[in-house]
Amino acid sequence: MIDLYSWATPNGHKIHILLEELGLPYRVHGVNIGRGEQFAPDFLAISPNNKIPALVDADGPDGQPLSVFESGAILLYLAEKTGRFLGTGPRARIATLEWLMWQMGSIGPMLGQAHHFRQYAPQKIDYAIDRYTHEAHRLYGVLDRRLASQPYLAGPDYTIADIATFPWCRSAANQGIAWSEFPHAKRWFDAIAARPAVQRGVQVLADARPPEMDATAREHLFGRTQYQRR
């Protein structure tokens, strides 16, 4: 059994989707990041960077429990554990890792900043909005060009690179993106969204997440609380 500690965010949904695709048995434990549960000592013991998701696999590589934090590391761990969603052959595996790292280093951080300054920042800062909205457009352009000649990011196979990237694109409008500008990326997005395991994955913890962010959540997510040494 895998115990998953997560929340209904793009990074959380990556792992929800992969576990549903793999059909592995898992228990999900909600970590309400708007209430500061990510700072609890028990959670920090498995996720020292106080970020979701993290998991504990009772059946680790040596048959002993293993904890893993950081969404990219979890995707790789589960894919290697099962031998699935890494692409077929060494070249496809390298392509999968390239595009997974692209998601981790660019799509996640930059689209997250675009979303933050467009939707959540208490002051509208034109420079920040323009910078990250333009970068979001550039990244969607990279995605669109890549998908113009093949069905998925690493080639013909659906891999963890696609699973990692897809949840960040679910809020394209809030990032200032019009799908009509990126038809190849939209085709890819729709194909993934139609997968039953993906539909189940994005519903994990969705009902637990409040529809609106209150002052307490803003403080835990964006205020000084997150910067305290623990």
(request) Classify the ring geometry between Phe85 and Tyr158 as parallel (under 30°), tilted (30 to 60°) or perpendicular (over 60°). (result) perpendicular
Throw together a table of side-chain donor-acceptor distances under 3.5 angstrom for residues 37-45, partners on residues two or more places apart or in other chains.
residue : atom : partner : partner atom : Å
Glu37   : OE1  : Asn32   : N            : 2.8
Gln38   : NE2  : Ile33   : O            : 3.1

Any side-chain heavy atom of [X] sitting closer than 4.5 Å to one from [Y]?
{"X": "Val56", "Y": "Leu66", "value": "no"}
{"X": "His115", "Y": "Ser171", "value": "yes"}
{"X": "Phe166", "Y": "Val202", "value": "yes"}
{"X": "Leu100", "Y": "Leu76", "value": "yes"}
{"X": "Tyr132", "Y": "Gln175", "value": "no"}

Would you compute the distance between atom [atom1] of [X] and atom [atom2] of [Y] and round it to the nearest 0.5 angstrom?
{"X": "Trp168", "Y": "Leu111", "atom1": "CH2", "atom2": "CG", "result": "7.0 Å"}
{"X": "Ser6", "Y": "Tyr26", "atom1": "OG", "atom2": "OH", "result": "9.0 Å"}
{"X": "Asp144", "Y": "Phe182", "atom1": "CG", "atom2": "CZ", "result": "6.5 Å"}
{"X": "Lys186", "Y": "Leu147", "atom1": "NZ", "atom2": "CG", "result": "13.5 Å"}
{"X": "Ser67", "Y": "Ile46", "atom1": "OG", "atom2": "CD1", "result": "6.5 Å"}
{"X": "Ile160", "Y": "Ile74", "atom1": "CD1", "atom2": "CD1", "result": "11.5 Å"}

Cluster link [X] to [Y], ILVMFWY, side chain under 4.5 Å:
{"X": "Met101", "Y": "Ile15", "answer": "yes"}
{"X": "Leu18", "Y": "Phe69", "answer": "no"}
{"X": "Ile163", "Y": "Ile94", "answer": "no"}

Please confirm whether the backbone N or O of [Y] pairs with a side-chain atom of [X], one donor and one acceptor, at under 3.5 Å?
{"X": "Arg195", "Y": "Ile17", "value": "no"}
{"X": "His220", "Y": "Gly34", "value": "yes"}
{"X": "Gln199", "Y": "Ala193", "value": "yes"}
{"X": "Arg229", "Y": "Tyr227", "value": "no"}
{"X": "Thr159", "Y": "Leu86", "value": "no"}
{"X": "Gln226", "Y": "Leu221", "value": "yes"}

Is [X] salt-bridged to [Y], going by a charged N under 4.0 Å from an acidic O?
{"X": "Arg218", "Y": "Asp214", "value": "no"}
{"X": "Glu21", "Y": "Arg84", "value": "no"}
{"X": "Lys81", "Y": "Asp57", "value": "yes"}
{"X": "Asp157", "Y": "Arg93", "value": "no"}

(request) Tell me, with the steps shown, if Arg118 and Asn174 meet side chain to side chain contact (heavy atoms under 4.5 Å, CB included). (result) CA-CA 7 Å; Arg118 292 174 61 89; Asn174 288 342; 5.9 Å; no
(message) Show, in sequence, the C-alpha distance, side-chain angles and deciding distance for Tyr77 and Glu70, and conclude whether the side chain to side chain donor-acceptor pair (under 3.5 Å) test is met.
(response) CA-CA 11 Å; Tyr77 171 71; Glu70 287 294 323; over 6 Å; no
(request) Would you please test Leu78 and Leu55 for side chain to side chain contact (heavy atoms under 4.5 Å, CB included) and show each step? (result) CA-CA 10 Å; Leu78 293 173; Leu55 65 72; 4.2 Å; yes
(message) Using side chain to side chain contact (heavy atoms under 4.5 Å, CB included), reason through Leu153 and Leu143 one step at a time and then give a plain yes or no.
(response) CA-CA 8 Å; Leu153 280 168; Leu143 182 67; 3.6 Å; yes
Minimum heavy-atom separation for [X] and [Y], please, with both atom names.
{"X": "Ala95", "Y": "Ala154", "value": "CB-O, 3.8 Å"}
{"X": "Ser71", "Y": "Asn11", "value": "OG-OD1, 3.7 Å"}
{"X": "Glu20", "Y": "Ala197", "value": "CB-O, 3.5 Å"}
{"X": "Pro10", "Y": "Pro167", "value": "O-CB, 3.6 Å"}
{"X": "Trp188", "Y": "Pro151", "value": "CD1-O, 3.6 Å"}

(message) I'd like to know whether Glu181 forms a side chain to side chain contact (heavy atoms under 4.5 Å, CB included) with His137, so could you lay out the CA-CA distance, the side-chain angles of the two residues, the decisive distance to 0.1 Å, and finally the verdict.
(response) CA-CA 9 Å; Glu181 297 181 49; His137 275 81; 3.8 Å; yes
(message) Can a side-chain donor-acceptor contact be found between Glu135 and Tyr140 if the only test is distance below 3.5 angstrom?
(response) no
(message) Any donor-acceptor pair under 3.5 Å linking the side-chain atoms of Arg35 with those of Thr216?
(response) no
(message) The criterion is side chain to side chain donor-acceptor pair (under 3.5 Å); which residues satisfy it with His13, sequence neighbours excluded?
(response) His16
(message) For Phe222 and His116, I'd like to know if the aromatic rings sit close, meaning centre-to-centre distance below 6.0 Å.
(response) yes
(message) Before we go on, tell me: are the rings of Trp99 and Tyr152 under 6.0 Å apart, centre to centre?
(response) no
(request) For salt bridge (charged side-chain N to carboxylate O under 4.0 Å, His left out), just list the numbers for Glu219 and Arg224, CA-CA rounded to whole Å, side-chain angles, deciding distance to a tenth of an Å, and then say yes or no. (result) CA-CA 7 Å; Glu219 168 56 29; Arg224 294 184 179 182; over 6 Å; no
(request) Evaluate whether atom CZ of Arg146 has more than 12 neighbouring non-hydrogen atoms of other residues, nucleotides or ligands under 6.0 angstrom away. (result) yes
